Each structure stands twice: as structure tokens, then as C-alpha cells.
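Taking it in order: structure first as C-alpha cells, then the write-up.
Both backbone and side-chain heavy atoms feed into the values below; hydrogens, waters and symmetry mates do not. Nothing here was measured: the structure is a model prediction, and the numbers come from that model. Below, chain A is the first sequence line, B the second, and so on; all start at residue 1.
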There are 2 protein chains.
Amino acid sequence: MERRHTDVPSFGYTGAESHDCRLVSSVLARVGDKWSVLVVMFLADGSKRFNELKRLIGGVSQRMLTLTLRGLERDGLVTRTVTPTIPPRVDYELTELGRSLQKHAVALAGWANENQAAIESARSRFDGEKG
Amino acid sequence: MERRHTDVPSFGYTGAESHDCRLVSSVLARVGDKWSVLVVMFLADGSKRFNELKRLIGGVSQRMLTLTLRGLERDGLVTRTVTPTIPPRVDYELTELGRSLQKHAVALAGWANENQAAIESARSRFDGEKG
DNA sequence: CGGGATCCGGCGCGATACTG
DNA sequence: CAGTATCGCGCCGGATCCCG
């Protein structure tokens, strides 16, 4: 496995708040990479095959899609079902855990929807001030 | 500005679902980097000074903390208040927008808390199966 | 069709030194 | 104290080729 991004800095701080922060951080490291959320969102309405996902997402290399799916499978967020026909068929589906995470992803999507304009205007204002 | 991670693949897909997905993706790209969430969480209970944040977070270089804070400021999630005393004093504080995002971060923290064990066991099971 | 193996450029990010 | 500037490693991730 190549994915080392999940790491969180380790140092001796055991405060309750800090504890929670590490957890969010590790979750976002898991889910915040370039493709994981897109996969989770596209799997919302049922299982999908590999190339089906690839076409839906549209900008992902098969390498990264494979890596992403492996990571999600490893963390128990999706299941991988192989049907040994010819040609082979592999279906990916959200687990219960994956669906529970997806709810939060949808909530974030809603937040992004509502505040996208505010963010973009803040961004161009900031960029404008600084040349 | 070095932060180009916010980019989202651009290609002509205008489906409604896909639309939402890009948004989540861009939000998570913004917030899913190594330090942004930690900063947001530590700013939850009021404004803090630069080195105060640095000490609280504990593993961040001043370079990355500066970059992270600039990014959050750019997107209108935190405010930066300079008090030109000697020595200078700079306070960072969450904006309304930042606090609304922080709620979702807290929700994700809760999710992480509840499902951390499940994820870790799934992970070691997966790793065990594959040597 | 659904991957694995390999090469490699770009940049995320830490370390260090310098400024006001 | 609160940054900015520069250097350099590591690894993310795209392109390409191969396999069952």
C-alpha cells in the first residue's frame, strides 16, 4: 500500500479536545484525498462496476481508482465482489459504515452548496487586495 | 501562494449529482489538508495568537501554519487581526462561515469517535488477509 | 474487463536561516 | 513575536505497458 497520508503527527498530548482533533484529522486524511469522496458519493445509489465508476468520475486514472477503492475497502467502507465470469466482473458497494460516512459527506455537500458563493467572493476579494 | 490543492478536475459534466460531488470534493480539498481542520478545531473556543496555535497543534512548522492560516483567511473562514505593538501581536478568529463549517467538522469528529474501532479492526483484518 | 508493475514529474511540506 | 525566503526530500498521482 502506497497510501501513507493517513498518518497523524504523534506527540504526547492527551487532552480531550486534542484527542478529538486527531480523530477528525485522520478521518479527513482518509476521506479528504482526491477521489475517495467522489467514489463514496457515486456509490450512494447502489453498487457499481470498476469501469462504470471510472466513467462516472471521469478524470481519474485506473491506478488511482484502484488505489482509492483498495483504501476504502481496507477501512471497511466498501465491499468488493468478484464474479469470475469471462470477462470478469467486479462490483463495489458501500457498507453500512460507508453509508453512515456518506451522510456526513452529503451534509458537507449541502454546506458547500450554501456557502460556495461566499467562499468564492471572499477568495477573490482576498486575491484582489494583494494583487 | 503555493496552495494549488484546491483544484478540482475540470471537465464538462453538468449532471446534478456530479455537481454536488465536485463541491464536496472542493470543500474537502480545502479542509482535508494536513492542518486546516486542526486549526479550525483549536479556534473553536475563541481567538488565538500565532504561536499559541503553534504550541497547541504541536507538530506544525511555522511555514505550514502560516500557509494554512492564509488559506483559511483567503476563503473567509478565519479573520486575521494585527495589533502593531512591540512585539507585534496577531490574533486569529473563526468567522461566522468558519463556525458553520466547524459544526460539520465536529460531526465528523463524532463519527470518527464512534467508528474508529470498526475502521481499525477492518483495517487489520484486511492487512492480515493479505500478509 | 479489471486490474498490477514501473517510470517519473510536480509539489506538499519540513528544516533552516533571515527580517521587522 | 510573526512572519518570509530558500533548499531539498518524499510521495502523490498521471502515463504507459503488461497480464489473466
message: Please report the distance, rounded to the nearest Å, between NZ in K48(B) and C1' in dC1(D).
response: 18 Å

message: Tell me whether the side-chain N/O atoms of Y92(B) come closer than 4.0 Å to OP1 or OP2 in dC1(D).
response: no

statement: Hits for side chain to side chain contact (heavy atoms under 4.5 Å, CB included) against V90(B), two or more places apart or cross-chain, chain-then-number order -> R80(B), V82(B), Y92(B)

- prompt: Between atom CZ in R70(A) and atom P in dC12(D), what is the gap in whole Å?
  reply: 17 Å

Between dG2(C) (P) and K54(A) (NZ): distance, integer Å: 11 Å

- prompt: Which residue pairs pass the salt bridge (charged side-chain N to carboxylate O under 4.0 Å, His left out) test when at least one of the two sits in residues 103-121 of chain B, sequence neighbours left out?
  reply: none

- prompt: About how many Å separate CG of L56(A) and CE of M41(A), when rounded to the nearest 0.5 Å?
  reply: 13.0 Å

- request: State which residues pass side chain to side chain contact (heavy atoms under 4.5 Å, CB included) with S124(A); sequence neighbours excluded, sorted by chain then number.
  value: none

Below 3.5 Å is the cut-off: list the nitrogen or oxygen pairs between protein and nucleotides 14-18 of chain C, distance only.
| from | atom 1 | to | atom 2 | distance (Å) |
| --- | --- | --- | --- | --- |
| dG14(C) | OP1 | K34(B) | NZ | 3.3 |
| dG14(C) | OP2 | S61(B) | OG | 3.3 |
| dG14(C) | N7 | R63(B) | NE | 3.4 |
| dG14(C) | O6 | R63(B) | NE | 3.3 |
| dA17(C) | N6 | Q62(B) | NE2 | 3.2 |

- prompt: Is R80(A) near enough to dG3(C) that one of its side-chain N or O atoms lies under 4.0 angstrom from OP1 or OP2?
  reply: yes

- prompt: How would you list, by chain and number, every residue that makes a side-chain hydrogen bond (donor to acceptor under 3.5 Å, both in side chains) with D91(B), sequence neighbours excluded?
  reply: R89(B)

Degree of bending, the helix from dC1(C)-dG20(D) to dG20(C)-dC1(D) (end axes from five pairs; round to 10°): 40°

message: Less than 4.5 Å apart, side chain to side chain, heavy atoms only: is that true for L77(A) and L101(A)?
response: yes

- prompt: Of all residues at least two apart in sequence or in a different chain, which pass the side-chain hydrogen bond (donor to acceptor under 3.5 Å, both in side chains) check with E96(A)?
  reply: R99(A)

query: Between atom CG in L53(B) and atom C1' in dG3(D), what is the gap in whole Å?
result: 14 Å

- prompt: To the nearest Å, how far apart are E73(A) CD and dG3(C) P?
  reply: 9 Å

- prompt: Sequence neighbours excluded, which residues qualify as side-chain hydrogen bond (donor to acceptor under 3.5 Å, both in side chains) partners of T79(B)?
  reply: none

- request: List in chain and number order the residues that pass salt bridge (charged side-chain N to carboxylate O under 4.0 Å, His left out) with K48(A), two or more places apart in sequence or in another chain; answer none if no residue qualifies.
  value: D45(A)

query: Rounded to the Å, how far apart are L69(B) CG and dA2(D) P?
result: 11 Å

field: Those residues that, when tested against R49(B), pass salt bridge (charged side-chain N to carboxylate O under 4.0 Å, His left out) (two or more places apart)
entry: none

query: Listed by chain and number, what are the side-chain hydrogen bond (donor to acceptor under 3.5 Å, both in side chains) partners of S100(B), not counting sequence neighbours?
result: W111(A)

- prompt: Can you check the L65(A) CG to dG2(C) P distance for me, whole Å?
  reply: 10 Å

query: Separation of I57(B) atom CD1 from dA2(D) atom C1', in whole Å?
result: 15 Å

- prompt: Quick one, which residues of residues 81-90 of chain B touch DNA chain D with a heavy atom under 4.0 Å?
  reply: P87(B), P88(B), V90(B)

